[in-house]
Chemist: 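Below you will find the structure I want to go over with you.
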Amino acid sequence: MAMASLNEPSAMENGHMMNGKGKEVIRHGRTAHNMSSHNEPWAMENGHMMNGKGKEAIRHGRTAHNMSSSSLRKKSDISLVAKVPCGLLRSLLANLQEVILGTKLSVLFPAIALAILAQHYDFDKPWIFGLSLLGLVPLAERVSFLTEQIAYYTGPTVGGLLNATCGNATELIIAVLALRENKVEVVKYSLLGSIISNILLVLGTSLLCGGIANLHKEQKYDKKQADVNILLLLMGLFCHVLPLLFQYAGKSAGLPFIPALQLSRASSIVMLIAYFAYLVFQLWTHRHLFEAPQGPDDDGDDMVCEEAAAIGFWSGIAWLIGMTAFIALLSEYIVETIEDASSSWGISVCFISIILLPIVGNAAEHAGAIIFAFKNKLDISLAVALGSATQISMFVVPFCVIVAWIMGIKMDLNFNILETGSLALSIIITGFVLQEGSSHYMKGLILLLCYVVIAACFFVVKTPLPNQEDVFNLGNLSANNGAFRA
């Protein structure tokens, strides 16, 4: 039997296999005969399953995004479900327990039903908007959980690609739906806010909380991965700045046609090429830099118990499709009601898009990154914050430009002066903070305060920012008035 390879005395206790130290070796009531089945996800690549200590020798290449979301999960007790006589019903109830109740955010699932009911019975738009925002929180966390479950069957490479695609599914779906409604500014604001919130709010809070919780410990991290992400963020910023400068240069030269849109589309293609090269770098050539570290601490056993898939492959696919459909539905509600919520709450659309949407959409990942910072695992926190920002900057933004091009909508990479300047300063200060490879709470406090200043900046913008055409017209009018007075 497969259990014989563990070479540890075992005993049955409450339906769970125990080793000689009283720790569980088999989870979810599996027997040794089940362990030997090739249909179980425990059968690893290259025929290896467990090492001499009862832990898996191969880690499935778990990413930091998966580990950050796993910090919000709770273990499921299937003792009651196991007593159901019907096999099909027992499997369905087990799936419901793992997917719906297997997270600490399950209390927010009723917000999804309330949002649908509010939309159906024509409640006030701000109520629909607020309930939809709350409903997105557990859905985003469950998508991360399901991609990890599917990765147990597909292997680390395909799982990594799936995680890279679905990692920011909420932002991508909101952006595409907003493009369909021709709300280009909402798309730009929300994606810009996601990048800034990841590198200032999430990273800053993680460094601050980790520094306070580990005052007497040296907090170090591997700066190689951070360097790669900062370089990609700077490249994305480069592609944002050029259309802005190009338009200013063309206006000052009096050119009748400024091809900033064509430049943005060409730059988007280059950004996508760079992102796919980054995936090759991350998943194949330098995969060791991006794998989530497994330290020999007290949490090791908890991580081992996560190494078995909780649901089947096709169940994971079905649940992932269903969760994505609900994300699309709630995202549509958000896009339709964002202006009404802005008017009712007295808050500008740019503040809601740049500040509120990114915080709520990635609340589960953000909380996980902070929890791992408390545990002095900064490599995971940095991978979550910088990896998510890089994915949005180098994949989601240029992808939206290409999609808008296909839809016949004019979306460029010119995010206006205030937004582009905020992004540039955020990336620069983050690069300076991460250049040493060590951290303390003061670095996190600086990043967090910078985010507060940016949030205050967009909060006081009560009216939509003028278009670039208006800005240039105002500039030309001021220049003409000055010349007339002279």
Side-chain angles (χ1 to χ4, degrees), residues 119 125 128-129 132-133 135-136 139-140 143 164-198 236 239-240 243-244 247 259-272 275 323-342 348-358 360-362 388-416 419-420 423 458 464-469:
Q119 174 72 14
K125 299 297 184 181
I128 301 174
F129 181 82
S132 300
L133 277 182
L136 284 178
L139 288 175
V143 167
T165 305
C166 301
N168 289 286
T170 304
E171 291 89 344
L172 183 59
I173 293 173
I174 291 177
V176 173
L177 292 176
L179 282 176
R180 191 181 66 179
E181 300 293 330
N182 203 18
K183 297 181 179 180
V184 177
E185 294 303 316
V186 173
V187 176
K188 291 183 177 181
Y189 287 151
S190 62
L191 297 181
L192 174 77
S194 296
I195 301 173
I196 294 178
S197 67
N198 273 291
C239 294
H240 285 294
L244 179 64
Q247 192 161 1
L261 181 62
Q262 286 73 12
L263 174 62
S264 298
R265 290 169 176 172
S267 299
S268 297
I269 296 174
V270 174
M271 293 169 71
L272 289 175
Y275 180 75
M323 292 291 179
T324 305
F326 276 108
I327 290 177
L329 180 63
L330 296 184
S331 300
E332 186 174 3
Y333 292 166
I334 288 174
V335 171
E336 291 176 352
T337 59
I338 187 170
E339 288 92 350
D340 297 286
S342 173
S348 63
V349 174
C350 68
F351 180 82
I352 294 177
S353 303
I354 294 176
I355 304 299
L356 293 185
L357 283 182
V360 175
N362 288 318
S388 181
T390 301
Q391 186 181 59
I392 295 172
S393 176
M394 299 299 294
F395 173 69
V396 181
V397 172
F399 179 79
C400 288
V401 173
I402 301 300
V403 170
W405 186 8
I406 296 173
M407 297 170 63
I409 298 173
K410 295 181 179 180
M411 177 182 174
D412 56 16
L413 294 176
N414 181 3
F415 281 24
N416 299 327
E419 290 84 348
T420 306
L423 177 63
F458 289 107
L465 293 178
N467 295 326
Q468 289 300 316
E469 297 289 338

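Every value quoted in this text rests on a predicted model; they were computed, and no experiment measured them.
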Chemist: So, do Asn168 and Phe395 sit near enough that their side-chain heavy atoms are less than 4.5 Å apart?
Modeler: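 Answer no - side chains too far apart.
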Chemist: Looking at CD of Glu419 and OG of Ser353, how far apart are the two atoms once the value is rounded to the nearest 0.5 Å?
Modeler: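 That separation rounds to 10.5 Å.
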Chemist: As an exercise, state the distance from CG of Leu177 to OG of Ser331, rounded to the nearest 0.5 Å.
Modeler: 6.0 Å
Chemist: Which pairs pass salt bridge (Lys or Arg N to Asp or Glu O under 4.0 Å) with one or both residues in residues 186-197, sequence neighbours excluded?
Modeler: Lys188-Asp412
Chemist: Could you give the distance from CG (Asn414) to OG1 (Thr420), rounded to the nearest 0.5 Å?
Modeler: 6.0 Å
Chemist: Taking the basic N atoms (NZ, or NE/NH1/NH2) and the acidic carboxylate oxygens, is any pair closer than 4.0 Å for Arg180 and Glu332?
Modeler: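 Salt bridge: yes.
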Chemist: If you take all heavy atoms of Leu330 and Gly135, which pair is closest and at what distance?
Modeler: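 Closest heavy-atom pair between Leu330 and Gly135: CD1-C, 3.7 Å.
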Chemist: Side chains of Met271 and Leu413, heavy atoms from C-beta outward: is any pair under 4.5 Å?
Modeler: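 Yes. Closest side-chain heavy atoms under 4.5 Å.
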Chemist: So do Phe415 and Leu423 actually touch side chain to side chain, heavy atoms under 4.5 Å?
Modeler: no
Chemist: To the nearest 0.5 Å, what is the distance between CD1 (Ile355) and OG (Ser190)?
Modeler: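 Rounded to the nearest 0.5 Å, the CD1-OG separation comes to 12.0 Å.
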Chemist: If I compare all heavy atoms of Ile173 with all of Ala328, which pair ends up nearest, and what's the gap?
Modeler: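 In terms of heavy atoms, the two residues are closest at CG2-CA, 3.6 Å.
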Chemist: Identify the two heavy atoms, one from His240 and one from Val397, that lie closest to each other, and give their separation to 0.1 Å.
Modeler: CE1-CG1, 3.8 Å
Chemist: Taking all non-hydrogen atoms of both residues into account, name the closest pair between Ser132 and Tyr333 and its distance.
Modeler: OG-CB, 3.4 Å
Chemist: Does Ser393 reach the main-chain N or O of Ala389 with its side chain, forming a donor-acceptor pair under 3.5 Å?
Modeler: no
Chemist: How about Val143 and Thr170: do any of their side-chain heavy atoms sit closer than 4.5 Å?
Modeler: no
Chemist: Report yes if the side chains of Asn416 and Glu185 come closer than 4.5 Å at any heavy-atom pair, otherwise no.
Modeler: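 Touching, per the 4.5 Å side-chain cut-off.
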Chemist: Count the heavy atoms belonging to other residues, nucleotides or ligands that lie under 6.0 Å from CZ of Phe351, then report whether that count exceeds 12.
Modeler: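 Enclosed: over 12 neighbouring heavy atoms sit under 6.0 Å from CZ of Phe351.
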Chemist: Output the distance between atom CD1 (Ile402) and atom OG (Ser264), rounded to the nearest 0.5 Å.
Modeler: 10.0 Å
Chemist: Please report the closest heavy-atom contact between Ser197 and Ser194, naming both atoms and the distance.
Modeler: OG-O, 3.1 Å
Chemist: Could you tell me whether the side chain of Leu191 reaches within less than 4.5 Å of the side chain of Cys400, counting heavy atoms only?
Modeler: yes
Chemist: Begin with the C-alpha distance, continue with both residues' side-chain angles, and end with the deciding distance and a verdict on side chain to side chain contact (heavy atoms under 4.5 Å, CB included) for Ile327 and Ile174.
Modeler: CA-CA 9 Å; Ile327 290 177; Ile174 291 177; over 6 Å; no
Chemist: In sequence, state the C-alpha distance, the side-chain angles, and the governing distance for Val184 and Ile409, and then conclude on side chain to side chain contact (heavy atoms under 4.5 Å, CB included).
Modeler: CA-CA 8 Å; Val184 177; Ile409 298 173; 3.7 Å; yes
Chemist: Drop me the distance from Ile128's CD1 to Gln119's CD, to the nearest 0.5 angstrom.
Modeler: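 One gets 4.5 Å once the value is rounded to the nearest 0.5 Å.
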Chemist: Report yes or no: does Thr337 contribute a side-chain atom to a donor-acceptor pair with the main-chain N or O of Asp340 at less than 3.5 Å?
Modeler: no
Chemist: Please report the shortest heavy-atom distance between Leu133 and Val360, naming the atom on each side.
Modeler: O-CG1, 2.9 Å
Chemist: Side chains of Arg265 and Leu261: closer than 4.5 Å at any heavy-atom pair?
Modeler: yes
Chemist: Does Ser342 use its side chain to pair, donor to acceptor, with the backbone of Ile338 at less than 3.5 Å?
Modeler: no
